[in-house]
Amino acid sequence: MSEPEATDAVRLPPVTALGMLSLGLVLVAGIYLSAHLPEHVPLGPAIGLLAASAAVFVVNLLMLSRVQGFHWQRMLQVGRWALLAYALIAAMIEYVFLRNHTSGGALVVLTLSLIVFAVNVPVLIGFTVARYD
Amino acid sequence: MERPEFQIVPRAGLPIVGVVLALLIAGIAVNELWPLEFLHVVAGAAWTVIDLFLGFVLGPIIGKMSIPARVEFTTRLMPKMVLIMPTVVTVTLAAGWQLSTHLGTNLTVYPLHGWVVASFIVVGVMAVIALGLLEPANIAVLTELKKPQPNPAVIERLMKRFIYTAGATGLMQIATFVIMTKLASG
């Protein structure tokens with residue numbers, strides 16, 4: 001599962017695969033909620049998917065943080081601009097749900113899902129750039 | 001390796017993105033059928049056509065180009081894609097959700113609700129591929145080309161990833177055509 005084709009001296013954990021898994025889980029949570037809204041949504045499945053996605057995201061970062069010699073500076077340099085862009089995109093999606101009076105638990109889960117989405121993409125972009133530095 | 005001057009994120013395009021997003025906010029706030037339909041259809045058509053064209057027309061052409069030609073083409077095309085794709089995707093999705101709320105097509109009682117959910121699933125699969133593989137490869141290849149001594153093997157590898165994932169999202173867009181034409185026909 002490691003990504004041996006990266007920088008010669010450094011063996012990297014499967015950051016892209018785990019990032020895509022985390023992204024996939026949170027998107028399934030979003031699709032589940034969207035398929036029910038604006039009617040009442042049982043939140044259990046969405047919360048489970050969101051928690052699993054957040055856990056995979058944290059594990060991904062922890063595994064990457066243990067890599068010696070990884071170009072963190074480059075990752076952060078690229079990642080912060082990507083974060084700005086994807087936070088804006090997440091805000092637009094949040095806005096459309098707020099405009100339609102989404103509230104309560106569904107809004108909380110949606111907002112947290114958008115946050116997990118918005119932090120995952122910059123990690124994927126930053127990592128892909130930094131691994132070739 | 002000869003490379004034209006370029007910006008990874010073309011700053012000249014940012015005001016245009018700002019205007020488009022402002023139109024999106026206004027369209028959603030107004031909640032009238034025509035602006036929502038306009039935003040959703042125009043952005044959605046752009047998204048679909050760009051994916052199909054890139055995946056099935058430009059992708060194979062780029063794959064057969066010489067390295068210098070590929071580099072020149074990449075430095076001219078890909079920075080524009082960095083701005084265009086996230087913008088058209090955001091407009092399509094946000095305007096689309098508001099449109100479906102306006103029309104009531106996102107209600108579970110809507111007879112074609114299953115088709116609407118199918119469109120969410122297709123978008124979800126495309127998002128995972130595009131955000132996990134395509135967009136990072138796009139940014140990484142441009143960053144590599146900005147280096148004083150770009151590594152041709154890295155560019156080759158990332159371009160291959162870009163072309164294959166563009167083809168995959170192009171295929172998914174055929175499913176979008178099927179779903180959207182079904183929804184429009186009732």
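Taking a 6.0 Å sphere around OH of B/Y110, one finds it holds more than 12 heavy atoms contributed by other residues, nucleotides or ligands. Within 6.0 Å of the NZ atom in B/K160, the count of heavy atoms belonging to other residues, nucleotides or ligands does not exceed 12. Atom CD1 of B/I16 has 12 or fewer heavy atoms from other residues, nucleotides or ligands within 6.0 Å. The 12-atom threshold is not exceeded at OH of B/Y164, counting heavy atoms of other residues, nucleotides or ligands nearer than 6.0 Å.
The two atoms that bring A/L23 and B/L131 nearest to each other are CD2-CB, 3.7 Å, heavy atoms only. Residues A/M20 and B/I129 come closest through the heavy atom pair CE-CA, 4.4 Å. Nearest heavy-atom pair across A/Y95 and B/I25 is OH-O, 3.0 Å. Of all heavy-atom pairs between A/Y86 and B/P86, the closest is OH-CG, 4.3 Å.
Neither the backbone nor the side chain of B/L142 comes within contact range of chain A, judged by heavy atoms closer than 4.5 Å. Contact annotation for B/Q98: both backbone and side-chain heavy atoms come within less than 4.5 Å of a heavy atom of chain A. Both the backbone and the side chain of A/L37 come within contact range of chain B, judged by heavy atoms closer than 4.5 Å. Heavy-atom distances place the side chain of A/L27, and not its backbone, under 4.5 Å from chain B.
The backbone N or O of B/I28 sits less than 3.5 Å from a side-chain atom of A/R99, completing a donor-acceptor pair.
Of the listed residues (B/N138, B/L107, B/V89), the greatest number of heavy-atom pairs within a distance under 4.5 Å of chain A belongs to B/L107. Looking only at heavy-atom pairs under 4.5 Å with chain A, the residue among B/A94, B/A29, B/A137, B/G124 that has the most is B/A29. Counting heavy-atom pairs closer than 4.5 Å to chain A, the top residue among B/I139, B/V117, B/T143, B/T108 is B/T108. Of all the listed residues (B/L133, B/V123, B/V141), the one sharing the greatest number of non-hydrogen pairs under 4.5 Å with chain A is B/L133. Heavy-atom pairs under 4.5 Å with chain B peak, among A/N100, A/I89, A/I31, A/V28, at A/N100.
In the hydrophobic clustering of this structure, A/M63 does not group with A/L76; members are Ile, Leu, Val, Met, Phe, Trp, Tyr whose side-chain heavy atoms approach within less than 4.5 Å, directly or through other members. Residues A/V123 and A/L83 share a single hydrophobic cluster, defined by chaining ILVMFWY side chains whose heavy atoms lie under 4.5 Å apart. Hydrophobic clustering places A/I47 together with A/F97 (ILVMFWY residues linked when any side-chain heavy atoms are closer than 4.5 Å, directly or through intermediates). Clustering ILVMFWY residues whenever any of their side-chain heavy atoms sit less than 4.5 angstrom apart, transitively, puts A/I115 in the very cluster that holds A/V96. Clustering ILVMFWY residues whenever any of their side-chain heavy atoms sit less than 4.5 angstrom apart, transitively, puts A/V26 in a cluster other than the one holding A/L107.
Side-chain atoms of B/I8 and A/V78, non-hydrogen and from C-beta on, never get closer than 4.5 Å to each other. Counting heavy atoms from C-beta outward, B/K147 and A/D133 have side chains that approach closer than 4.5 Å.
Each of A/T16, A/T128, A/V129 was evaluated against B/P136; a single residue qualifies, A/T128, per the side chain to side chain contact (heavy atoms under 4.5 Å, CB included) test.
Atoms OG1 and CG, from B/T90 and A/L88 in turn, are 7.5 Å apart once rounded to the nearest 0.5 Å. To the nearest 0.5 Å, atoms CD1 (B/I155) and OH (A/Y132) are separated by 11.5 Å.
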